[in-house]
Amino acid sequence: MRTSAERLSVVVADAGPLIALGRLHRLDLLPLLFADVQVTATVLDECLARPDLPDAQRIAEALSSGLIRRCPDEVSTDDGPLDPGESSAIARAREIGAGLLMDDRAAVTHARALGLKVIGTLGVLVLAKRRGQLQTIRPLIEQMRSSGHYLGDSAVRAALNAAGER
């Protein structure tokens, strides 16, 4: 079964998925799955705030090599309790009619209420497997969890089922 998020060609990324994929050394998946991956200046500032961290270094490399692309911050409408990066990503996605690469539950709920299509880090891994870019996602999920990325059990089960890994 295909989801609407699987048909996205342009996405605006929030910090969480970029950091998670950076930790996994898998930022290379993004241009294989999406024609254009945009990151607002605000989100990039969040991602690169600790340049000594390996994930920040990998995100900086992805930016300089063109795997991801810096885009301008759009003026955000009132996004309530969302952080500035989430708000800037949502505003940019709305402005250009793109999807969102985002994990934060409250931000995802808000974005979907605005009619935006959202895919998270687990969705990216499932999509990569479905498109033959990954053989298995279970070890990557385990690596995410061991590096401190919170993943609920039900979300992990759903991702593994969607990837055909029970």
Side-chain angles (χ1 to χ4, degrees), residues 2-128 130-131 133-134 140 144 147-151 155 159:
R2 290 220 176 279
T3 66
S4 60
E6 288 186 69
R7 294 186 294 274
L8 293 173
S9 64
V10 178
V11 293
V12 178
D14 188 34
L18 292 176
I19 291 167
L21 292 169
R23 287 180 182 163
L24 294 173
H25 300 261
R26 294 314 315 242
L27 286 162
D28 63 306
L29 292 172
L30 294 176
L32 298 173
L33 303 175
F34 309 106
D36 188 19
V37 180
Q38 298 186 20
V39 186
T40 67
T42 301
V43 170
L44 277 173
D45 288 347
E46 290 178 14
C47 291
L48 304 176
R50 294 275 317 272
D52 55 311
L53 294 177
D55 50 88
Q57 294 165 7
R58 291 182 194 114
I59 292 166
E61 291 167 12
L63 182 63
S64 66
S65 68
L67 295 179
I68 60 176
R69 183 169 67 91
R70 178 187 303 266
C71 66
D73 283 316
E74 300 295 334
V75 176
S76 175
T77 57
D78 179 24
D79 286 328
L82 303 185
D83 74 33
E86 293 161 349
S87 293
S88 73
I90 289 170
R92 177 67 179 175
R94 290 181 78 190
E95 176 71 22
I96 64 171
L100 279 167
L101 176 55
M102 183 174 278
D103 285 337
D104 180 82
R105 184 176 296 186
V108 167
T109 300
H110 180 73
R112 287 185 174 145
L114 294 171
L116 294 170
K117 294 177 183 153
V118 182
I119 187 169
T121 306
L122 290 176
V124 166
L125 297 178
V126 170
L127 184 56
R130 287 179 176 175
R131 293 193 181 166
Q133 302 299 323
L134 293 173
L140 296 172
M144 285 174 64
S147 72
H149 196 95
Y150 173 76
L151 298 169

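If you read the sequence from its start, that first residue is 1, and numbering goes on from there. Worth saying up front: this structure is predicted, and the values here are computed from it rather than measured.
Under the side-chain contact (heavy atoms from CB on, under 4.5 Å) criterion, Ala62 pairs with Leu27, Leu67, Ile68, not counting sequence neighbours. Judged as a salt bridge (charged side-chain N to carboxylate O under 4.0 Å, His left out), and not counting sequence neighbours, the contacts of Arg50 are Asp52. Partners of Ala15 under the side-chain contact (heavy atoms from CB on, under 4.5 Å) rule, at least two apart in sequence or in another chain, are Ile19, Val43, Glu46, Cys47. Take Thr40 and apply the side chain to side chain donor-acceptor pair (under 3.5 Å) test, not counting sequence neighbours, and it matches Asp73, Ser88. Remark: Pro72 pairs with Glu74, Arg92 by the side-chain contact (heavy atoms from CB on, under 4.5 Å) rule, at least two apart or across chains. Contacts of Asp36 classified as side chain to side chain donor-acceptor pair (under 3.5 Å), with partners at least two apart in sequence or in another chain: Gln38, Arg69.
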For side chain to side chain contact (heavy atoms under 4.5 Å, CB included), just list the numbers for Val39 and Ile59, CA-CA rounded to whole Å, side-chain angles, deciding distance to a tenth of an Å, and then say yes or no.
-> CA-CA 11 Å; Val39 186; Ile59 292 166; over 6 Å; no
Q.
Pair Leu29, Leu134 - check side chain to side chain contact (heavy atoms under 4.5 Å, CB included), show working.
A. CA-CA 9 Å; Leu29 292 172; Leu134 293 173; 4.1 Å; yes
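Considering all non-hydrogen atoms of both residues, Ile90 and Ala107 come closest at CD1-O, 4.0 Å. The two residues Gly99 and Ala93 make their nearest non-hydrogen contact at O-CB, 4.0 Å. Across every non-hydrogen atom of Leu33 and Ala128, the tightest pair is CD2-CA, 3.8 Å. In this structure, Leu122 and Ala159 approach most closely via the heavy-atom pair CB-CB, 4.1 Å. Counting all heavy atoms, side chain and backbone alike, Pro51 lies closest to Ala56 at CA-CB, 4.1 Å.
Separation of atoms CG (Leu48) and CG (Leu53) is listed at 10.5 Å; rounding is to 0.5 Å. Atoms CG and OG1, on Leu151 and Thr121 in that order, are 8.0 Å from each other to the nearest 0.5 Å. In this structure, the separation between CG on Leu100 and NE2 on His110 is 10.0 Å, given to the nearest 0.5 Å. Once rounded to the nearest 0.5 Å, the distance linking CG of Leu18 with CE of Met102 reads 10.5 Å. For the atom pair CZ (Phe34) and CG (Leu101), the distance works out to 6.0 Å, reported to the nearest 0.5 Å. Between Ile119 atom CD1 and Leu127 atom CG the span is 5.0 Å, to the nearest 0.5 Å.
Every pair tested for salt bridge (Lys or Arg N to Asp or Glu O under 4.0 Å) that includes a residue from residues 98-108 fails, sequence neighbours excluded, so the list is empty. The list of salt bridge (Lys or Arg N to Asp or Glu O under 4.0 Å) pairs with a residue in residues 9-35, not counting sequence neighbours, reads Arg23-Asp55, Arg26-Asp28.
Annotation: side chain of Leu44 is in contact with side chain of Arg70 (closest heavy-atom distance under 4.5 Å).
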